[in-house]
Engineer: 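Take a look at the following structure, please.
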2 protein chains.
Amino acid sequence: MPAPDRNTTRYAHRHQRAVAAAAAVFADKGFHGASTRDIAEKLGIQQGSLYYYFKSKEAALEEVCLTALRDYVSHIESIASQPGKLEVKLQAAIAAHLATYEHNNEAMKVHNEQRLYLPKDRRKHLNALGSRYRQQLEGIFCEGVSTGQLRKDLDCHFTALSLIGLCNYWGIQLLRNAPLKTEDVTENCVDILLHGCLARHTGMPDTDTQTDTQVN
Amino acid sequence: MPAPDRNTTRYAHRHQRAVAAAAAVFADKGFHGASTRDIAEKLGIQQGSLYYYFKSKEAALEEVCLTALRDYVSHIESIASQPGKLEVKLQAAIAAHLATYEHNNEAMKVHNEQRLYLPKDRRKHLNALGSRYRQQLEGIFCEGVSTGQLRKDLDCHFTALSLIGLCNYWGIQLLRNAPLKTEDVTENCVDILLHGCLARHTGMPDTDTQTDTQVN
DNA sequence: GCTTTTTTCTATAAACCTATAGATTCTATA
DNA sequence: TATAGAATCTATAGGTTTATAGAAAAAAGC
C-alpha cells in the first residue's frame, strides 16, 4: 500500500465517492457517532478497505470539511470581485451560500458541526479558508458603506458574521425541511438584512409582497 | 439501587453537579466523543458511580438539554407576557437569549448541537419546549406588526426563526470568544434586526454611534 | 494470455466503552 | 454509638472500535 497517489481518473473518482459517503455518514451520526464500518457499508465495501482511501478516520473528516469549503470560498470570491450594485451582490452571496448547502449539504453540515473535533493543527487549512470567506463578505459590506449604499454607522465585521450565522442556520433548515425553497429563504434573508423589521416612515406605500415561509 | 428519588437537599445538589459535569464534557467532546469515564472524572468519582445519578448516558444528555431549555423558555414567556413597547421587548428577548448562553453556556451548546443524537421519543419534551419558545418570539413580532410598529409585510415566522439562528450563533461565539461583551452583541443584533443595513433616506442625520466588535 | 498494479477482502490485535452487581464506605439520626 | 440508608467503589461481562498486515481478486498494460 505505498500511498495510492496515482492520479488516475479511476482513483480520483472512487476517492470522491468515498468522501461523499463519509460526508453523508458524518452528517447523520456525527464524527464520533459514526464508525468506519458505517462509511464502508454505505460505499458497499468492507470496513478495512476504507483505509485504502483514508489514512485515518480523522483524515476523512478533514477531507469532507475541505471539499465543502472549497466551493463555498471560490463562489464568494468571484461574487465579491465582480463589479455591481451592492444589493445584487449581497443577494448573490446569500444565494450562493444557501446553494452550497443545497448541493453539498452533508459536507457543509459536517464542516459546521464536526470541524472542532479535529485537532488544532489539522484545522489550520480550514481556518484559512474560513477567514477568506469572512473577509470577502466583510469587504462587500464595507464597499457598500463607502459607496453610500449602506448606513455609515454599520459594523461591517459584526454584520458579516451575523450573515454567516443566519445562512448557516437556514442552510441546515433547508436540509431538514424539504418543502422550504432556497429562493424564498434567500429573498427573505436579503429583505430582513437590508431593510430590517421596523415600519418605514418614508411616505412610500407598503408593497405588500409577503412570501410566507411556514415551516412547522 | 432502588431509584434514588429521595428528594433530600443533598441528593438534589449532587445530582445538579452531575448534570453540570455532563454538560461541560458533552459541550467539549460531543455526546459520542465523551465517555462516561470523562464525566465521572470531572466529578471526581469512578465511572461506575455515575450510574447512581443517571440511568444511562442518553438520560444524562436529555437532562442536560432540559436544564438548558427550562430557563430559556421561562424567560421569554415572562418577557412576552408583559406589556411594553416592542423595541424594548425585543431587546429584552435577545438579551435574555444571550444571557442564557452566558450563564448556562455548556448546556445550551449541548442542546443545540447534540440534541439530535437523542432518539425521537426522548426528544418530545425538548421539542415541546422549543416550540413554546418559538411561538412566544413569533408572538412578539406579530404584535409589533399589528400595532404598526413593524412593517406590515414582515414574515413573522421567518423572522422569529432567523432571530433564533442569529442568537444561537452569537451565543456560541460568546462562549468561545471571551473578549466579546454580551451587551454589545445584544445592541448590534437589535440594531441590524430593526433597522437593517441600508442607508436611510429619511432626511434624519446619521447618528454615528458605531460600536466596533472586532473578533478576529 | 501473461504480468503488473490497483483495489478489495479476511482476520486480528489492542484498546475502549456502557451498564450492572455486589461489596464497601460514608452520613445522619435515634 | 449503633444502625439504616445514601453514596461510592471494584470488577467485569459483552460488545464495539480503529487500524494494520497479508492474501486474494479485479483491472490494466503489453
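Every chain is numbered from 1, with letters handed out A, B, ... down the list of sequences. The structure presented is a predicted model; accordingly, all values stated were derived computationally and were not measured.
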Engineer: Hey, is the side chain of B/Y51 poking within less than 4.0 Å of OP1 or OP2 on C/dT20, counting only N and O atoms?
Structural biologist: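 Negative; the distance criterion is not met.
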Engineer: Between B/R10 and D/dA7, is there a side-chain N or O to OP1/OP2 distance below 4.0 Å?
Structural biologist: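 Yes, within the criterion.
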Engineer: Please check the phosphate of D/dG5 (OP1 and OP2 only) for any side-chain N or O of B/Y11 closer than 4.0 Å.
Structural biologist: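 The answer is no; no side-chain N or O of B/Y11 sits under 4.0 Å from OP1 or OP2.
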Engineer: Check whether any side-chain N or O of B/S49 sits under 4.0 Å from OP1 or OP2 of D/dA7, and answer yes or no.
Structural biologist: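 Checking B/S49 against D/dA7: no side-chain N or O falls below 4.0 Å of OP1 or OP2.
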Engineer: Respond yes when some side-chain nitrogen or oxygen of A/R14 is under 4.0 Å from OP1 or OP2 of C/dT8, and no when none is.
Structural biologist: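 For C/dT8, OP1/OP2 do have a side-chain N/O of A/R14 under 4.0 Å.
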Engineer: Near DNA chain C, counting only heavy atoms under 4.0 Å, which residues of residues 17-36 of chain B show up?
Structural biologist: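 Residues of residues 17-36 of chain B under 4.0 Å from DNA chain C: B/A34, B/S35, B/T36.
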Engineer: For the backbone of B/S35 and the side chain of B/D38, can you confirm whether one donor and one acceptor N or O come within less than 3.5 Å of each other?
Structural biologist: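 It does hold such a pair.
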Engineer: OP1, OP2 of D/dT17 versus side-chain N and O of A/Q47: anything below 4.0 Å?
Structural biologist: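 The answer is no; no side-chain N or O of A/Q47 sits under 4.0 Å from OP1 or OP2.
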Engineer: Would you kindly compare A/D38 and A/G48 by the position of their nearest DNA chain D nucleotide and give the one closer to the 5′ end?
Structural biologist: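 Comparing both residues, the 5'-ward one is A/D38.
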Engineer: Which pairs count as ring pair (Phe, Tyr, Trp, His ring centres under 6.0 Å) when at least one residue sits in residues 102-123 of chain B, sequence neighbours excluded?
Structural biologist: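 Sorted pair list: B/H32-B/Y117.
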Engineer: Just name whichever nucleotide pairs with C/dA30, Watson-Crick or G-U, keeping both distances under 3.5 Å, else none.
Structural biologist: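 In the structure as shown, C/dA30 has D/dT1 as its Watson-Crick or wobble partner.
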Engineer: Distance alone, cut at 3.5 Å: any donor-acceptor contact between the side chains of B/H15 and B/E63?
Structural biologist: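 The answer is yes; a qualifying pair exists.
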